[in-house]
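To start, the structure under review is shown below, and the notes come after it.
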Amino acid sequence: MKRLIDIVRCLAKGGRPFRGHNEKTDSHERGLFLNVVDLLKKYDPVMQRHLQESPRNATYLSNRIQNDLIMALHNIVQQKIVSAINGKMISIIADDTADCGHHEQMSVVVRYFNNEQQSPVEHFVSIQRLLKVDAQSIFDQINNVLEIIKTDWSSVISVCFDGASTMSGCTAGVQMKCKEKNHEILYVHCYAHCLNLVLVDACTSNSQKRTVFDFFGIIQTLYAFMEGSPVRHAVMEKISQEIGTQLKTLKSLSNTRWACRAEAVAAVKENFTGFT
């Protein structure tokens, strides 16, 4: 059982899918969990003996057992987080976005000061599905998270959201609903969003000084031209091989992640240096 738990921990830590499309013995798509078990039994006599001698209904490899192990580990981690923040003042960081399945999900992080480490600590505590994105629905989900971690609003000293009116509104936003529970709560605008807004405004505020804005436009156009065609990308690879340099794939820009812009510029710079 310890070996199976370690496999679950390894896959869960990396966010890997457990199950495959067909988990029959002769299938080549059994999923990572069963594939790792099959690999381990070749070198581990304990695992090999367990799979050979255990009854068919006690191998602990079914999808239900996998889910039970995941949930058991979840409960242990949650208990440790609850124990760690017990009696401490905390801050709540929350943001929502749509996943690849077009489901709106909100991630919630709790931040507190660890006296033993003498430093602030952050724990990702939950992802909540949002069926509505109005202030009341978002606040209800945050309130549910506080119940999960067994903390009340009197222990919350600040909340950190982005600048969207639904989150930051001072009359009907989520921050105001939090302050209705505890009037001493401080609202902190996400610094990453603040920085992005400042940079965007600095680049676009003056229509006569759009050098930086036009520069990034050229970077994005170059990316779209070269990486939008496998043929053109192959030409870049061929030239790179002929001149003996290592090709760095061009990157797309991002409106909200300025670090992506730095990577995009760096890619153009490295390729330009090599090609010239």
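In this text the structure is predicted, and so the values were computed from the model without any measurement. For this chain, numbers begin at 1 and follow the sequence in order.
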Charged N-O contact under 4.0 Å between [X] and [Y]:
X      : Y      : result
Glu122 : Arg111 : yes
Lys41  : Asp44  : no
Lys181 : Asp152 : no

Got more than 12 heavy atoms from elsewhere within 6.0 Å of [atom1], [X]?
X      : atom1 : value
Arg16  : CZ    : no
Arg232 : CZ    : yes
Glu147 : CD    : yes
Gln118 : CD    : yes
Tyr60  : OH    : no

Is the closest side-chain heavy-atom distance between [X] and [Y] below 4.5 Å?
X      : Y      : value
Val37  : Leu51  : yes
Asp38  : Lys42  : no
Phe18  : Leu32  : no
Leu253 : Phe216 : yes
Arg3   : Asp6   : no
Ile90  : Ile157 : no
Met226 : Met236 : yes
Gln66  : Arg19  : yes

Looking only at the side chains, is there a donor atom on one of [X] and [Y] sitting less than 3.5 Å from an acceptor on the other?
X      : Y      : result
His123 : Tyr112 : yes
Ser27  : Glu29  : no
Ser137 : Asp140 : no
Ser240 : Thr245 : yes
Asp99  : Gln105 : yes

Any donor-acceptor N/O pair, [X] side chain to [Y] backbone, under 3.5 Å:
X      : Y      : answer
His50  : Thr59  : yes
Lys88  : Ala84  : yes
Gln175 : Ser168 : yes
Asn182 : Val156 : yes
Asn271 : Lys248 : yes
Thr221 : Ile219 : no
Asn86  : Val82  : no
Ser158 : Leu186 : no

Do [X] and [Y] share a hydrophobic cluster, counting only Ile, Leu, Val, Met, Phe, Trp and Tyr and linking them when any side-chain heavy atoms are less than 4.5 Å apart?
X      : Y      : answer
Met167 : Val188 : no
Leu146 : Met176 : no
Val8   : Ile5   : yes
Ile127 : Ile148 : no
Ile70  : Val125 : no

**Request:** Under the side-chain contact (heavy atoms from CB on, under 4.5 Å) rule, what do Val145 and Gln128 come out as? Steps first, then yes or no, please.
**Result:** CA-CA 8 Å; Val145 172; Gln128 297 291 319; 3.8 Å; yes

**Request:** Begin with the C-alpha distance, continue with both residues' side-chain angles, and end with the deciding distance and a verdict on side-chain contact (heavy atoms from CB on, under 4.5 Å) for Leu61 and Leu4.
**Result:** CA-CA 8 Å; Leu61 302 180; Leu4 296 179; 3.9 Å; yes

Would you name the heavy atoms of [X] and [Y] that are closest together and state the gap between them?
X      : Y      : value
Ala172 : Lys177 : O-CE, 4.0 Å
Phe124 : Val108 : CD1-O, 3.7 Å
Glu227 : Leu250 : OE2-N, 3.4 Å
Phe161 : Cys178 : CZ-SG, 4.4 Å
Asn114 : Gln117 : OD1-N, 2.9 Å
Lys179 : Ile185 : CE-O, 3.3 Å

**Asked** When you look at Leu69 and Met1, which way does the side-chain contact (heavy atoms from CB on, under 4.5 Å) test go after all the steps?
**Response** CA-CA 10 Å; Leu69 291 175; Met1 183 59 69; 4.0 Å; yes

Roughly how far, to the nearest 0.5 Å, is [atom2] of [Y] from [atom1] of [X]?
X      : Y      : atom1 : atom2 : result
Asp68  : Leu73  : CG    : CG    : 11.0 Å
Tyr223 : Thr249 : OH    : OG1   : 9.5 Å
Ile85  : Ile149 : CD1   : CD1   : 3.5 Å
Asp162 : Thr97  : CG    : OG1   : 10.5 Å
Asn63  : Leu34  : CG    : CG    : 9.5 Å
Leu247 : Gln241 : CG    : CD    : 9.0 Å

**Request:** State which residues pass ring pair (Phe, Tyr, Trp, His ring centres under 6.0 Å) with Phe139; sequence neighbours excluded, sorted by chain then number.
**Result:**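 With neighbours one apart ignored, the set is Trp153.
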
**Message:** Walk me through whether Arg129 and His103 qualify under side-chain contact (heavy atoms from CB on, under 4.5 Å).
**Reply:** CA-CA 7 Å; Arg129 171 82 182 278; His103 294 163; 3.4 Å; yes

